[in-house]
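Below: one structure, written as structure tokens.
Letters A, B, ... mirror the listed sequences (proteins, then strands); counts begin at 1. Just so it is clear, the structure is predicted and the values come from calculations on it, not from any experiment.
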Amino acid sequence: MNGSVIGRGTVIRGNVRGSGSLEILGRVEGDVSVSGELVVGEEGAVRGNVTGTHITCSGAVQGDVRGSEAVLLERGARVVGDLTAPRVGVATGALVKGNVRTDGEPALAGRRAGTAGAVARPIALPARPAPAAKSEPRHELRAEAREEIVDSEPSAAAPKEMAAREAPPPPVVPSLGKGAKAKKKKRED
Amino acid sequence: MAGTVIGEGLSVEGDLSSEEEVVVQGNLRGKLTSTDAVSVGSSGVIEADVSAQSLTIAGQVTGDVTAAERVDLQAGGRLIGDVKASRLTIADGASFKGNVDMDV
């Protein structure tokens, strides 16, 4: 077994690093960095930055938490610091004060999937029912656009062009043009 | 199972103080204090002063050692430093360099 444990009755003032998994049930005042799974137990406390592959925290951490695979905060976890991992989970009852970022090294596959999702979402969004105020003109617009696509070659730009053509004309605002006052004055003369 | 285990591959730099059993299979540099038993496994390397209730050494320890009860230096173990304990055993095959104070 290559698992390390920092027991309840143990306090470490200094840095802990290395390979293998680590379970912290006691206290560490310093940075913790392992190349394996890391667990901070309910009564565990770390005052320093925490790095590992898969980090599960039910205790207290005052510092940044960075997992190359995942960071999971269980119920009762207290973290004051930033969370960074491709996967971040925060359970109900966990407290976080800091920034959360879901990215990281082995996220390459995950990140690609994320980008795909980000692209897919804006496409999917217009399909959702639009707010009541805007719904009517939009329906018309979409119907027109569909006809256009059937008539000509289906291009992605078509709806955009349609939108530009279908835009309402600029409002006619009755106003005095440049030199209108002078003209008026002349006419009176 | 022991309360605290510094596994093989893990290294601690700093003070470790404990109220429970400590097993060191990895590296420790700094200071180690325990009110319970401390054992240094065959892969354990300690560069620190150690004070414990009892101490068993099968790995390497460089530093002064104080035990309230006893110090056991096992075969294959290596200790460079002074020992202060009322009981001390040094197994055949162990390496030791230092002074011994048995409180007499």
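With a 6.0 Å radius and a threshold of 12 heavy atoms from other residues, nucleotides or ligands, B/Gln53 has its CD atom above the threshold. More than 12 heavy-atom neighbours from other residues, nucleotides or ligands sit within 6.0 angstrom of CZ on A/Arg78.
Note on A/Leu22: it does not cluster hydrophobically with B/Val45, by side-chain heavy-atom contacts below 4.5 Å among ILVMFWY residues. A continuous path of hydrophobic side-chain contacts links B/Met102 to B/Phe96 [ILVMFWY only; heavy atoms under 4.5 Å]. Cluster annotation: B/Val100 is connected to B/Ile57 through the hydrophobic network of ILVMFWY side chains, with a link wherever side-chain heavy atoms come within less than 4.5 Å. A continuous path of Ile, Leu, Val, Met, Phe, Trp and Tyr side chains, each step under 4.5 Å between heavy atoms, connects B/Ile90 with B/Val83, placing both in one hydrophobic cluster.
Between the side chain of B/Glu20 and the backbone N or O of A/Gly9 there is at least one donor-acceptor pair closer than 3.5 Å. The backbone N or O of B/Ile6 lies less than 3.5 Å from no partner atom in the side chain of A/Ser4, so there is not a single donor-acceptor pair.
Interatomic distance, CG of B/Leu16 versus CZ of A/Arg13, reported as 10.0 Å (0.5 Å rounding). Note that CD1 of A/Ile12 and CG of B/Leu28 are 7.5 Å apart. Values are rounded to the nearest 0.5 Å. Taking CD of B/Glu13 as the reference point, atom CZ of A/Arg17 lies at 6.0 Å (rounded to 0.5 Å).
There is no contact between A/Leu25 and chain B, counting heavy-atom distances below 4.5 Å. Proximity to chain B is limited to the side chain of A/Val34, based on heavy atoms less than 4.5 angstrom apart.
Contact count against chain B (heavy-atom pairs under 4.5 Å) is highest for A/Val11 among A/Val28, A/Val16, A/Val11.
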